[in-house]
Number of protein chains: 2
Amino acid sequence: MARKTGSHAETTGPRVRAAALRLFAQSGYAAVSMRQIAAEVGMQAGALYTYTADKQTLLFDLMREHMADVLEAWAAQPQGGSPGERLEQFTRFHINHHLDRPEGVFLSYMELRNLTPKNFAEIEALRRSYESELEAILIAGQENGAFSVPDTRLATMALIAMLTGITQWYRDDGRLSRERVQKIYWNMVRRAVKG
Amino acid sequence: MARKTGSHAETTGPRVRAAALRLFAQSGYAAVSMRQIAAEVGMQAGALYTYTADKQTLLFDLMREHMADVLEAWAAQPQGGSPGERLEQFTRFHINHHLDRPEGVFLSYMELRNLTPKNFAEIEALRRSYESELEAILIAGQENGAFSVPDTRLATMALIAMLTGITQWYRDDGRLSRERVQKIYWNMVRRAVKG
DNA sequence: GTCTATAATCAGATAGAC
DNA sequence: GTCTATCTGATTATAGAC
């Protein structure tokens with residue numbers, strides 16, 4: 001397969017996004033220059049603009065991919081079961097999925113204020129859509145008496161904050177295994193909403 | 001009281017810090033320029049260096065003040081009571097204190113990565129010191145059988161994440177009063193650690 | 001204590017050669 | 001597709017006048 005020298009369109013795009021994700025998560029969007037991203041990939045700054053319209057679009061694309069990813073992964077989970085079973089499934093899924101993507105999680109929570117209003121609205125809609133998945137479980141459990149939650153919206157925010165917070169301290173080589181963390185958190189979640 | 005024209009040392013310092021806190025919280029440390037801070041106060045950029053050695057020190061001082069403030073305010077709370085009573089007290093205190101200082105909370109959680117290593121270590125120590133206050137309550141309750149927490153460190157992190165998350169959505173003119181939010185969260189906290 | 005002016009550097013983005 | 005070179009403007013921080 002003949003190919004022009006230096007032509008790597010199929011791999012360079014993802015490498016640019018991976019480098020940007022790593023650097024944005026590490027130092028923050030505003031603190032990272034296009035030159036730094038280019039250096040990380042091994043190219044010159046000007047060439048980045050073959051793969052993104054501008055820096056803002058690069059950030060937006062990373063956040064949109066992250067949010068679409070979590071929605072898609074949750075949709076691919078087995079359906080059905082009681083509210084209690086669904087809540088345990090969500091808890092374990094959320095922990096596992098987020099621990100696998102610490103940089104995407106960090107970026108999507110920390111850089112919202114660096115999005116243009118239009119881009120912000122789109123990311124927010126995706127986030128609310130994910131929160132609604134948990135809230136639907138809480139509503140179902142509340143209706144059939146499995147849970148007792150005075151306010152499902154508040155409980156949703158409380159549980160998501162609690163679970164996502166794990167990414168701030170968990171390390172795979174740390175004191176506790178993922179299974180142990182999942183079990184302990186599921187125990188707290190279960191009791192927090194118990195009917 | 002004679003005073004030189006344009007001399008406002010006693011008020012300008014706090015006004016600089018207040019402007020920096022507002023802007024850093026709104027747009028992020030790296031995205032805010034010294035010129036913006038100066039404009040917010042109504043002075044020229046060069047004059048800021050009368051009040052801070054540099055931009056990094058300005059950030060560090062704001063974060064240190066925020067952490068020292070929460071530690072001091074908690075220390076000023078009435079002492080004594082059962083672990084259950086202390087946990088309710090901590091829950092309500094944490095919510096109230098943090099809802100009163102949304103910008104300081106935001107700054108202290110979001111800008112850790114923009115601190116120099118030395119400054120980071122100092123802020124982290126203060127944060128751990130605050131977390132230890134909650135963990136001590138959980139340990140006491142675990143020992144006298146009031147609570148059942150398989151891992152007090154994990155429960156500490158889980159509860160703080162849950163409670164601090166409130167600052168991300170709560171508005172004083174919103175659907176729920178502070179008292180209602182405190183009550184609902186205390187109910188979830190209580191059940192999550194119940195023995 | 002605050003100003004203006006400036007030094008030295010770096011930013012995002014584009015043009016055109018290859 | 002990537003490079004070099006460059007435009008335009010912003011950045012932190014300092015010097016010296018007042």
Side-chain angles (χ1 to χ4, degrees), chain A residues 1-24 26-63 107 111 113-116 118-119, chain B residues 1-24 26-63 107 111 113-116 118-119:
Chain A
M1 293 251 272
R3 173 165 295 181
K4 283 199 206 81
T5 307
S7 169
H8 303 287
E10 288 130 20
T11 61
T12 307
R15 285 177 62 224
V16 167
R17 282 191 290 279
L21 174 59
R22 201 175 327 126
L23 290 170
F24 287 166
Q26 187 173 84
S27 311
Y29 171 77
V32 173
S33 70
M34 295 298 269
R35 282 170 176 80
Q36 278 178 272
I37 298 168
E40 185 88 354
V41 179
M43 66 199 307
Q44 294 300 314
L48 290 176
Y49 292 85
T50 309
Y51 301 98
T52 185
D54 50 30
K55 195 185 172 189
Q56 167 72 206
T57 304
L58 190 50
L59 173 66
F60 174 61
D61 285 344
L62 288 171
M63 292 178 73
L107 195 76
E111 302 296 354
R113 62 190 171 183
N114 283 313
L115 291 171
T116 61
K118 185 173 162 299
N119 289 345
Chain B
M1 295 246 276
R3 176 165 293 181
K4 282 199 206 80
T5 307
S7 170
H8 303 287
E10 289 130 19
T11 60
T12 307
R15 285 177 62 222
V16 167
R17 282 192 290 280
L21 174 59
R22 201 176 325 127
L23 290 171
F24 287 165
Q26 186 171 85
S27 310
Y29 171 76
V32 172
S33 70
M34 294 299 267
R35 279 172 178 77
Q36 279 177 273
I37 297 169
E40 186 89 353
V41 179
M43 66 200 305
Q44 293 301 313
L48 290 176
Y49 293 86
T50 307
Y51 301 98
T52 186
D54 50 31
K55 195 184 172 190
Q56 166 72 205
T57 304
L58 190 49
L59 174 66
F60 174 61
D61 285 344
L62 288 171
M63 293 178 71
L107 195 77
E111 303 295 354
R113 63 191 170 182
N114 283 312
L115 291 171
T116 61
K118 184 174 162 299
N119 288 345

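Per chain, numbering begins at 1; letters A, B, ... match sequence-line order. All heavy atoms count here, side chains included; hydrogens, waters and symmetry mates do not.
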ask   = Between B/Thr52 and D/dA13, does any side-chain N or O lie under 4.0 Å from OP1 or OP2?
value = no
query = Closest nucleotide of DNA chain C for A/Tyr29 versus for B/Gly42: which of these residues is on the 5' side?
reply = B/Gly42
note = The reported gap from CE in A/Met63 to CG in A/Leu58 (rounded to nearest 0.5 angstrom) is 12.0 Å
ask   = Within this structure, what is the OH-to-C1' distance between A/Tyr49 and D/dT6, rounded to whole angstrom?
value = 14 Å
message = Rounded to the nearest 0.5 Å, what separates atom CG in B/Asp54 from atom CG in B/Leu48?
response = 11.5 Å
query = Does B/Glu40 use its side chain to pair, donor to acceptor, with the backbone of B/Ala20 at less than 3.5 Å?
reply = no
message = If I take atom CD from residue A/Gln36 and atom CD from residue A/Gln26, how far apart are they, to the nearest 0.5 angstrom?
response = 9.0 Å
task = Rounded to the nearest angstrom, tell me the gap between atom CE in A/Met34 and atom P in D/dC7.
result = 21 Å
ask   = When all nucleic acid strands are considered with a 4.0 Å heavy-atom cut-off, which category describes A/Thr50: base, sugar-phosphate, or nothing?
value = base
Shortest non-hydrogen contact from B/Thr57 toward B/Thr52 = CB-OG1, 3.7 Å
request  = Rounded off to whole Å, could you give me the CG-to-P distance for the B/Asp54 and D/dT11 pair?
outcome  = 17 Å
note = Rounded to whole Å, CG of A/Leu48 lies from P of D/dG1 at a distance of 13 Å
inquiry  = If you only use heavy atoms from C-beta on, which nucleotide in D/dT11, D/dA13, D/dT2 is closest to the side chain of B/Ser33?
reply    = D/dT11
ask   = Which nucleotide in the list C/dG12, D/dT2, C/dT2 gets nearest to the side chain of A/Lys55?
value = C/dG12
message = The side chain of B/Gln44 is closest to which nucleotide in this list: C/dT4, D/dT11, C/dA13?
response = C/dT4
query = Over how many whole Å does the gap from B/Ile37 atom CD1 to D/dA10 atom C1' extend?
reply = 15 Å
request  = Quick one: label B/Val41 by what it contacts on the DNA or RNA (base, sugar-phosphate, nothing), any heavy atom closer than 4.0 Å.
outcome  = nothing
query = Over how many whole Å does the gap from B/Gln36 atom CD to D/dA10 atom P extend?
reply = 11 Å
task = Using only side-chain N and O atoms of A/Thr12, determine if any of them is under 4.0 Å from OP1 or OP2 of D/dT2.
result = yes
key: Nearest-nucleotide pick for A/Arg35, side chain only, options being D/dT2, C/dG12, D/dT14   = C/dG12
ask   = To the nearest Å, how far apart are B/Arg15 CZ and C/dG1 C1'?
value = 13 Å
message = With a cut-off of less than 4.0 Å, is there a side-chain N or O of B/Tyr51 near OP1 or OP2 of C/dG1?
response = no
